[in-house]
Amino acid sequence: MTDMLFAAIMIGGVGLFVGVFLGFASKVFAVKVNVKEKEIREILPGANCGACGYSGCDALAAALVRGEAPANACVVGRDPVANQIRWIIGGENERAVHKVAFVRCSGDCNSTFDRYEYTGPKSCASVALAPQGGPKSCSFGCIGCGDCAKVCDYGALSIVRGVAVVDEEKCLDCRKCMNACPKGLIVEIPYYRAAHIGCMNPLKGKSVMENCRIGCIACGKCAKNCPAQAIDLSGGFPVIDYEKCTDCGACREGCPRHCII
């Protein structure tokens, strides 16, 4: 009986000591939580998509408090979230540019052909490793296996006639599709702009025409017809500077290949 009582007292004493020690340690080693950081974290949508350039919403909240990220850094939350963050940390009331993903390839199955029969895993990442970058006649075009659609959490991508197409109304610009495309065909574009070039083939003339009916041949007419000088051809294929673009439509009307969407 005495031994049992002694054991109970010992266990209770050890438990009391450990409890007091842990309580003391929690106060001494406690990490102070920034109130603003906590408030911002509650505002952020919690997608943890990394589109803001940080590992997740927690990291972004910390960066915002430190002044290392702009109030409109969250591309998922857009203006509503950005405005709430400004109330907390202050800053200018700059408007977040609404951007969406765009697949720079229009070469669907009606415009291209297969050079050989591919047998292997049906994924863009695998097909891209095949000879000539895959069986598609254009080595620079969309493979069409849907790796981008598989990683999209918002159902904004689908495969239409062998080419990935973005539903701009569903796209939240999380950039997961951009990282999933082995050909680097998916880019960001401003939602409100009207003209987009649907080709990234760096070749010219006959080399393009033999492999795609609507591929860009780098003739330069779009750049010459642009009154705002918003199209640059220095990289081998045309790129629109949306800061200069006025949506006049001259590039689209003058394109002989009809690859400006």
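Residues take their numbers from the sequence shown, with the count starting at 1. Computed from a predicted structure; not experimentally measured.
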Separation between CG of Asn48 and SG of Cys57, rounded to the nearest 0.5 Å: 4.5 Å
Euclidean distance, Cys216 SG relative to Lys204 NZ, rounded to 0.5 Å: 10.0 Å
N/O donor-acceptor pair under 3.5 Å between Ser106 side chain and Gly198 backbone: yes
Co-members of Ile159 in a cluster of I, L, V, M, F, W and Y side chains, linked at under 4.5 Å: none
Heavy-atom check, side chain of Val100 versus side chain of Asp173, under 4.5 Å: no
Single-linkage hydrophobic cluster Tyr116~Ile143, side-chain heavy atoms < 4.5 angstrom: yes
Heavy-atom side-chain contact between His196 and Tyr242 under 4.5 Å: yes
Side chains of Ile85 and Leu44 in contact at under 4.5 Å (non-hydrogen atoms): yes
Test item: Met209 and Arg257 side chains (from C-beta on) under 4.5 Å apart, heavy atoms: yes
Arg115 and Ser139, any side-chain heavy atoms less than 4.5 Å apart: yes
Between CG on residue Leu203 and SG on residue Cys212, distance to nearest 0.5 Å: 11.5 Å
Rounded distance (nearest 0.5 Å) linking atom CG of Leu64 with atom CD of Glu37: 9.5 Å
Note, Val239 side chain near Arg104 side chain (heavy atom, < 4.5 Å): yes
hydrophobic_cluster_shared for Val103 and Val187, side chain cutoff 4.5 Å: no
Euclidean distance, Asn179 CG relative to Cys148 SG, rounded to 0.5 Å: 12.0 Å
Ile197 side chain reached by Ile240 side chain, heavy atoms, under 4.5 Å: yes
Minimum side-chain heavy-atom gap Lys183-Cys142 below 4.5 Å: no
Main-chain N/O of Ala101 paired with Arg175 side-chain donor or acceptor, under 3.5 Å: no
Distance in Å, Tyr154 OH paired with Glu169 CD, rounded so as to fall on 0.5 Å steps: 16.0 Å
Whichever hydrophobic residues join Val160 through chains of side-chain contacts under 4.5 Å: Val165
